[in-house]
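Please read the structure below before turning to the comments.
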Amino acid sequence: MATRREGVPHLPLHGVLVLFTLFTLYPILWVITIAFSGRQNLAIATLPSEPSTMDRLRAITPWPEVWSLSNFTSVMTDQPFARWMLNSAIIALGTTVVGVFLACTAAYAFSRFRFPGQRAGMMAFLVSQMFPGTLMLIPLFIILVQWLGLGSSRLGLIIVYATTSIPFSVWMLKGYFDTIPKDLEEAALMEGASVGRIFWSIILPLAKPAVAVTALFSFMTAWNEFILAATFMDQEAMYTAPVGLRFFVGGFSQQWGYFAAGSIIVSVPVVLLFLFLQKYLVSGLTAGSVKG
Amino acid sequence: MNPPEKTPPGLRRPRALVGLALALGLGLVLAYSLLAQALAASARQSDQRRDVITLNALADLVRRAGGSGDGVRAVVSSWQSLLPQGSDVRVIAFSGIRLEASTFSEDQGDKAAPRRLAREEKPLYDRGQELRRAVETHREEGGARKPELADQPLPDGRRLLSAPVEVDGTVVGTVELATPAVPAVPPPGLTPALLAFFLPLLALAALSFAPLRRQWQLVAVAAVAFVAGLGGYARYSLNALEEGVRGSQAGVADQLRAMSERARAVMAEQNLATEPPLQPGTWDSDIYRRPQGLLTPEGAVNEVELTRRVEKLRGEASRALLGLGALGLALLLFVGLGGLHRLVATVVEHRQAYGYIVPAMVGMVVLVFFPFFYGITLSFTDANLYNTNEPLSAIWIGLRNYQEILGDFTIARQAENGAWVFNYLNFYWTLFFTVVWTITNVTIGVSVGLLLALILNTPNLAMRPLYRVLLILPWAMPNYITALIWKGMFHQQFGVVNHVLRMFGGQGLSWFESPFTSFLTALATNGWLSFPFMMVVSLGALQSIPMELYEAARVDGASRWQQFLSITLPSLKPALVPAIILSVVWTFNMFNIIFLVTEGEPGNSTEILVTQAYKYAFQRYRYGYAAAYSTVIFGILLLYSVVQNRLSRATEAT
């Protein structure tokens, strides 16, 4: 393609890139500004009654008038946000442990055994990914909240998140298990190892990278989930971080400072995780849909 | 599958017998518990009716006594002797928030009525006010929506019933009656069920020695025995149920007559108002104070109405028993013809594989597949917040939800002044909006993503990794946070977007007050967060195109545009097409952005299908309707994936 000698000049390209980067960064800088402003206000700067163009420019420049950490300290201490983060962390960790364990065993069976119902089982997992969320939400609400009484409980959300994460995890893990050569297992079988032992001491250690990636995805999905949590958790003490953040700025509540500080605390870990994981995600997603 | 003839002779008899035993056992246990429940419900109901009659009669007398004052106390004290052991009565008047009369043990001595209610007794007053509101609501609306009688358990195990006292059309107080706990109804006898279990089994055992050549013949005999056994028990239980219901009517009627006699006596004794004349028949009411209609005004059993009710009950019970029969028969055939045997054999043979899968599968079945089918079933009912405890058959409405959703084409109608009024709740409007939303978003995502990928793919471009990381950030941010941030930036008064507009001399817009600008806010938000995915996918595909192709093209004298059309685009296709397919589904289902940014404003005009379904379920509490709505969405997605599969197969073939 274009080389430096005959290619397009780089300057206009940089121009376009800088423009888009600014567009990309602006909302992020905005939320950082609000978070460090030390106020609950939605506006970056207070405007005089007859604002000049410079005043207007000040009001859109994402730079706080005064830098202050007070939003961060008070959102973690005065507000129940620390508790909501704890809920989110417990739920996301529980989801990861339960979901990945179930997915590992199922994926191993799908990968290594031949049995009646194997194809049907994998297809069922795939088809279940197409069920629309709202169609599931109503029965899940009735089952979990009205029948089992698990409304506003962490356990209920863990169970739901874990099961809904299974199909994706199973497909990802099965793909990886398939690439592990069977020679090792056959050798172990000759030595008299049981299937359980082979699974725990040969397959799982070999599949560590795939298990880790799957676990991180489960964690991120549970950490970022909003709809189910908003539907099932109606006691304020049991909110997860997403529901809590919405609580700060939803309805008539306008605590933008708390929201911004909370958003930053919540997003930094997942953004870093995501940047680390994105290459697995892209290959996994597109590979899956090409097959499907 | 083995032909049934090949069943080894030694297995035939046990299989048929085990099948019959299992089927009958299951059927009879369920039928027995159904009967026990129905009888208990019927007994509870007649108990409640008796209490309600007592309460209504008392309320009637209190009303005649004026609702407060010495007359009320006289009525209560002369009534007390008639109450069963352990019952208590109290009368509360709203004016002055007073306890007018009470026989409760805690209201004796220095707390004896009449007195003002204490602060901690506020719930009594509140309960009365709630009943008053219910009565007034019903009078305004002409319907029955909230209970006009309260019924709640007391800490000491008794039940407390409350009724409003109406004087001259206004509710002036309440009468409350505490009644002793209902003794548990003895469960129906076990003997008929045991007979219905063992007789068919013995018959089958005896018959199985007859020279029956083939397994299916034996199974057919077992099926007949099953039908006879369960059918016999069904007949017995229907009769027992009818007897129970009819028997309890007489008790209620006696109560009504006793009450009306007593009431007349008290009226005469206390010189109470005799106008309007006493109507004891209306005392037998439901919790909305509508007459049950099971008793005539004189207090005799209304046979016509009773027979109608009994028939309805019998119909419901027969349907349930028929379902049980079908279930049991299926089980019998399954076991008798060797299905169970084969199933067990398969499971045992592959027990390791199944052992590893079962935990995940159980979770999936309980929380994914069952809810899915339950949701589809709900879509044929009128389920809502208030009737979730009713059996599905009671709220079954067939295809009416679907008719209502799909059959309504009036998106807009002309108002009287000639202006067009849109019905934004209409399904086709929401569908149209969803399609526009999906197409615009995917177009923006693909074009911006592709443009940036092409630029980033320029060789030797400075700071390329930095750009890449920064441009990918929107995808990494949790999307509900993105949505809330943009919602803030589009704020009418303080939002930065309006500040920019004002800086350039424009007016700040109320973004969420017109459907179009509201749509733009959601579009901006979703555009911001969706282009990085397309960019990353395109970039990956671009980097895998071998440079030699371009060099060869240049040698052949192709222009840059020709190179783009005949090399770049075709090489992008395998990666881009799946990405587009995926992003269409994502955008179609992009709940968070719409739900959090536009919230459907103004007036539900910017809902997409999934948010609309959610609002039907969790803001309007029409679960059945929302389930039907979601099923339609599922149908659309299914259609989309089928068409897309066909298309991709067709293009692969050529």
Side-chain angles (χ1 to χ4, degrees), chain A residues 1-4 10 13 16-17 20-21 24-25 27-28 30-31 42-43 53 56-57 59-60 102-103 105-106 108-109 113 115-116 128 130-132 134-136 138-140 142-143 146 159-160 163 166 195 224 226-227 231 242 246 249 256 259 263 267 270-271 274-275 282 285-286 289-290, chain B residues 346 350 352-353 356-357 359-360 363-364 367-368 371-372 374-375 378 388 452 455 458-461 467 470-471 473-474 476-478 480-481 484-486 488-489 491 494 496 499-500 502-503 536-537 540 550 575 578-579 581-582 591-592 610 613-614 617-618 623 626-627 630-631 633-634 637:
Chain A
M1 204 178 165
T3 62
R4 193 171 284 197
H10 281 188
L13 296 186
V16 176
L17 285 178
F20 271 101
T21 312
T24 304
L25 287 184
I28 299 172
W30 180 83
V31 84
L42 184 58
T53 312
R56 301 254 189 225
L57 197 62
I60 60 168
L102 294 181
T105 53
Y108 176 64
F113 296 111
F115 54 92
S128 76
M130 277 181 47
F131 297 168
T134 43
L135 180 54
M136 310 295 290
I138 305 159
L140 275 179
I142 293 180
I143 294 172
Q146 298 188 338
I159 296 174
V160 173
T163 42
I166 285 176
V195 174
N224 287 342
F226 171 73
I227 313 166
T231 313
R246 146 107 156 140
V249 294
W256 286 94
F259 161 76
S263 298
S267 338
V270 280
V271 167
F274 181 89
L275 293 179
V282 174
L285 284 174
T286 43
S289 62
V290 171
Chain B
T346 319
H350 300 282
Q352 278 174 333
Y356 276 89
I357 285 177
M364 290 288 289
L367 287 173
V368 177
F372 174 71
Y374 187 68
L378 274 184
T388 39
L452 291 175
I455 295 177
T458 315
N460 305 322
L461 191 73
Y467 284 129
L470 290 182
L471 286 172
L473 281 177
M477 292 269 285
Y480 66 93
I481 289 182
L484 292 171
I485 291 177
W486 280 86
M489 297 206 305
H491 192 277
F494 302 114
V496 272
H499 278 316
V500 173
R502 290 193 196 109
M503 200 166 82
V536 170
V537 170
Y550 293 108
I581 289 169
L582 207 61
F591 183 91
N592 285 0
V610 283
Y614 183 88
F618 295 102
Y623 297 151
S630 311
T631 311
I633 300 174
F634 178 61
L637 285 174

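A note on names: the letters A, B, ... follow the listed sequences, proteins ahead of strands, and every chain is numbered from 1.
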Under 4.5 Å from a heavy atom of chain B, the part of [X] involved:
X: A:Leu13; result: both
X: A:Val249; result: side chain
X: A:Ile142; result: side chain
X: A:Ile166; result: side chain
X: A:Val16; result: side chain
X: A:Tyr108; result: side chain

Sort out for me which of [options] touches chain B most, counting heavy-atom pairs under 4.5 Å.
options: A:Ile60, A:Ile159, A:Val31; answer: A:Ile60
options: A:Ala43, A:Ala103, A:Pro27, A:Ala109; answer: A:Pro27
options: A:Thr105, A:Leu57, A:Thr21, A:Val160; answer: A:Thr105

For [X], is it the side chain, the backbone, both, or neither that has a heavy atom closer than 4.5 Å to a heavy atom of chain A?
X: B:Phe634; value: both
X: B:Tyr467; value: side chain
X: B:Tyr623; value: both
X: B:Leu471; value: both
X: B:Phe591; value: side chain

For residues A:Pro139 and B:Pro371, report the shortest heavy-atom separation together with the two atoms involved.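 A:Pro139 and B:Pro371 have their closest heavy atoms at CG-O, 3.1 Å.
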Please name the pair of heavy atoms, one in B:Gln352 and one in A:Val195, separated by the smallest distance, quoted to 0.1 Å.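 Minimum heavy-atom separation between B:Gln352 and A:Val195: NE2-CG2, 3.2 Å.
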Are [X] and [Y] close enough that some pair of their side-chain heavy atoms sits under 4.5 Å apart?
X: A:Leu140; Y: A:Thr231; result: no
X: A:Leu135; Y: B:Ile633; result: no
X: A:Ser263; Y: B:Ile485; result: no
X: A:Thr24; Y: B:Leu470; result: no

Run the side-chain contact (heavy atoms from CB on, under 4.5 Å) test on A:Leu25 and B:Leu473 for me, step by step, so that the C-alpha distance in whole Å, both residues' side-chain angles and the decisive distance to 0.1 Å come before the verdict. CA-CA 8 Å; A:Leu25 287 184; B:Leu473 281 177; 4.0 Å; yes
Step-by-step side-chain contact (heavy atoms from CB on, under 4.5 Å) determination, B:Tyr374 to A:Ile138: CA-CA 9 Å; B:Tyr374 187 68; A:Ile138 305 159; over 6 Å; no
Partner chain A: residue of B:Gly363, B:Pro359, B:Gly375, B:Pro478 with the largest heavy-atom pair count (under 4.5 Å):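 Of the options given, most contacts go to B:Pro478.
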If you count heavy-atom pairs under 4.5 Å with chain A, which of B:Thr631, B:Ile455, B:Val500 comes out on top?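 The answer is B:Ile455.
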Check the orientation of B:His491 and B:Phe494. Use parallel for under 30°, tilted for 30 to 60°, and perpendicular for over 60°.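 Plane angle under 30°, so parallel.
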Where does the angle between the aromatic ring planes of B:Tyr356 and A:Phe113 fall among parallel (under 30°), tilted (30 to 60°) and perpendicular (over 60°)?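 Rings of B:Tyr356 and A:Phe113: tilted, as their planes differ by 30° to 60°.
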